[in-house]
Amino acid sequence: MLKGSLRGQYGKTLVELGEVNKNIVVLDADLAKSTKTLEFGQKFGYRYFDMGLSEQDMISTAAGIALTGKTVFASSFSVFLTGRVFDQVRQSVCYNNSNVKLVATHSGLGVGEDGATHQALEDIALMRSLPNMRVIVPADSIETKKVIEYVSGEYGPFYVRLIRGDLPVVCSEENNFEPGRSEVLIDGDDLVIFAIGSMVSKAMEAAELLKNISVNAAVVNLSSIKPMDEKTVIKLAEKTKHVITMEDHSIYGGMGSAVAEVLSQRSPTKMKIIGVENSFGRSGKPEELYELYKLTPERIVKEAEIILGK
Amino acid sequence: MNSEKHENLKEIAKNIRIHIVKMIAASGSGHPGGSLSIADIMAFLFFNEMNINPERPDDPDRDRFVLSKGHAAPVLYAVLALKGFFPESDLRTLRNINSHLQGHPHRLDTPGVEASTGSLGQGFSMASGMAIGTRLSGSSSNVFTIIGDGESQEGQIWETAMTAGFRGLSNLCAFLDYNNQQIDGYVSDIKDISPVREKWEAFRWNVIEIDGHNFENIENAISEFKKEEKKPTMIISKTTKGKGVSFMENNLTFHGTAPNDEELRKAIEELENA
């Protein structure tokens with residue numbers, strides 16, 4: 001499969017948007033080369049602020065700038081953009097309902113060699129618990145472009161979770177991004193796999209493997225975690241009666257939990273949540289870490305056999 | 001001329017203080033001490049200095065005020081009501097379930113509130129952000145903010161001190177309400193923030209020291225702020241916590257305790273006869 005860089009696409013899209021929308025202001029906290037906001041800074045220096053290593057100041061300042069009528073993007077690694085500044089996001093951004101877009105370019109085990117200190121595995125849980133905040137996890141570079149364009153034109157707080165490495169292209173070019181709408185990448189009758197980010201292509205591989213044991217699995221890219229496409233989640237759960245979720249995030253409070261919240265209350269369905277289980281990450285290459293933490297297509301097959309009683 | 005203006009401001013500050021003690025007594029909770037200590041600065045800003053108009057609350061060129069020490073909400077509500085942003089009669093609903101006057105200021109609830117504050121340190125950064133934003137828009141408006149001395153123990157204050165100093169936000173004017181008291185005791189005992197002048201100067205601020213209850217001092221400091229073209233201004237304001245009510249002055253109890261009926265009666269009597 002063709003691969004593309006999500007954060008590279010983020011940086012490129014920011015520059016494109018910056019050309020036409022003079023209202024966009026971008027903030028970073030000494031990670032501009034990594035988050036790819038650097039090019040925006042070089043082109044539109046007067047609308048770009050590297051705040052240095054002051055993430056708390058960056059978030060509240062972003063809110064203050066936004067309260068003067070600007071659209072403000074603030075970027076860092078997810079661990080420094082959510083957990084480190086949770087109260088600033090809660091109060092300055094969400095309680096004020098300020099027009100701030102938080103774009104994290106390095107998240108989950110996908111951060112790789114930097115290890116546990118830099119691998120946020122709880123950021124989705126934190127961000128989706130906040131009123132006014134919407135949480136989006138693009139699955140590839142195509143979707144990243146659509147999402148960044150969308151959030152730049154929609155008032156209010158967003159958390160967009162990207163990933164350091166390149167990901168296979170899985171999304172179609174058609175259709176604009178809409179929050180609360182998911183993309184069914186593969187249809188199936190026996191099982192539905194909801195996945196996000198780097199796990200989407202793995203879920204698609206799993207669907208191929210499952211054909212060998214005569215299981216037709218549907219695969220859904222559930223990029224809009226909040227708001228969630230409840231209609232599609234319920235429809236596919238009711239059709240297939242078996243649900244698996246997989247994410248590069250803790251099993252507590254992430255996308256799987258969000259799906260369980262919907263299904264347990266509206267259409268209880270047998271399900272398995274796959275993610276990182278009550279553990280920090282560690283150093284290693286992302287693919288090695290996905291093997292170690294059992295976030296693989298083979299894991300999905302194994303769990304499918306268990307819930308399908310095979 | 002000036003003395004007539006200052007007499008008038010004194011009268012306004014007196015009304016603000018009466019409103020503060022009345023509304024906190026009515027709600028049964030709130031922070032009288034730190035509200036009374038900045039009543040004179042607030043009177044000056046809202047009734048002599050800032051370009052704000054309740055008829056045009058969204059004017060992009062309006063001056064901004066952010067109460068970073070959000071627990072002094074009663075003083076902000078009092079000036080906004082006196083300024084005509086909402087009826088004075090609303091003040092007695094402070095902290096009630098149906099009120100638009102939250103325990104700490106919320107911009108989406110209360111007309112005239114520019115930023116929701118209360119988690120200390122954040123309002124200061126938001127004010128700095130507003131100074132950046134209005135400057136980007138080419139507006140000549142100024143941003144005023146008040147931080148507490150206890151609040152100065154927050155790390156975020158110093159992150160922003162560095163940002164605003166480094167970026168030369170000369171349209172940002174901050175007051176430090178230096179009354180030397182916080183909930184647990186004297187600031188100088190809990191975690192002393194001195195030397196204050198040297199700290200802010202080291203962070204590249206234009207530093208002015210005043211008596212925060214003296215209108216002439218306040219006026220001169222603000223005119224120095226307006227002359228400064230390269231640095232943000234920090235006006236270190238020596239204040240008395242609970243100022244204007246003898247039994248609340250420098251009394252730690254009244255950081256966050258409402259007066260009872262008898263105390264309220266005495267407080268109003270003192271304020272009216274001052």
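Chain identifiers are assigned alphabetically (A, B, ...) following the order of the sequence lines, protein sequences preceding nucleic acid strands; residue numbering begins at 1 within each chain. Hydrogens, waters and symmetry mates are skipped; everything else that's a heavy atom, side chains included, is used.
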Max heavy-atom pair count under 4.5 Å with chain B, selected residue of A/Asp57, A/Thr68, A/Thr61: A/Asp57
Honestly, the part of A/Val25 sitting under 4.5 Å from a heavy atom of chain B is side chain
From A/Ile65 atom CD1 to B/Ser137 atom OG, the distance as rounded to the nearest 0.5 Å: 10.0 Å
Would the number of heavy atoms belonging to other residues, nucleotides or ligands and lying under 6.0 Å from CD of B/Glu229 be above 12? no
Crowded around B/Arg197 CZ? As in, over 12 foreign heavy atoms under 6.0 Å? yes
Quick one: CD on A/Glu55 to CD on B/Glu159, what's the gap to the nearest 0.5 Å? 7.0 Å
B/Ile132 side, atom CD1; A/Lys70 side, atom NZ - distance, nearest 0.5 Å: 12.0 Å
Is the number of heavy atoms from other residues, nucleotides or ligands within 6.0 Å of CZ (A/Arg47) greater than 12? yes
Are there more than 12 heavy atoms of other residues, nucleotides or ligands under 6.0 Å from atom CZ of A/Arg181? yes
Between B/Glu154 and A/Gln56: side-chain donor-acceptor atoms closer than 3.5 Å: no
Please name the pair of heavy atoms, one in A/Tyr95 and one in B/Gln102, separated by the smallest distance, quoted to 0.1 Å. OH-CG, 4.3 Å
Taking atom NZ of A/Lys33 as the centre, does the number of heavy atoms from other residues, nucleotides or ligands within less than 6.0 Å exceed 12? no
Name the option with the most non-hydrogen atom pairs under 4.5 Å to chain B; the candidates are A/Asn96, A/Ile59, A/Asn97, A/Asp87. A/Asn96
Would you say NZ of A/Lys12 has more than 12 non-hydrogen atoms from neighbouring residues, nucleotides or ligands within 6.0 angstrom? no
Min side-chain heavy-atom separation A/Ser60-B/Gln156 under 4.5 Å: yes
May I ask you to list the residues in residues 108-127 of chain B that approach chain A closer than 4.5 angstrom, counting heavy atoms only, ordered by number? B/Leu108, B/Glu114, B/Ala115, B/Ser116, B/Ser119, B/Gln122, B/Ser125, B/Met126
Near B/Arg167 CZ, under 6.0 Å, is it more than 12 heavy atoms from other residues, nucleotides or ligands? yes
If you check every heavy atom in residues 45-79 of chain B against those of chain A, which residues fall under 4.5 Å? B/Arg64
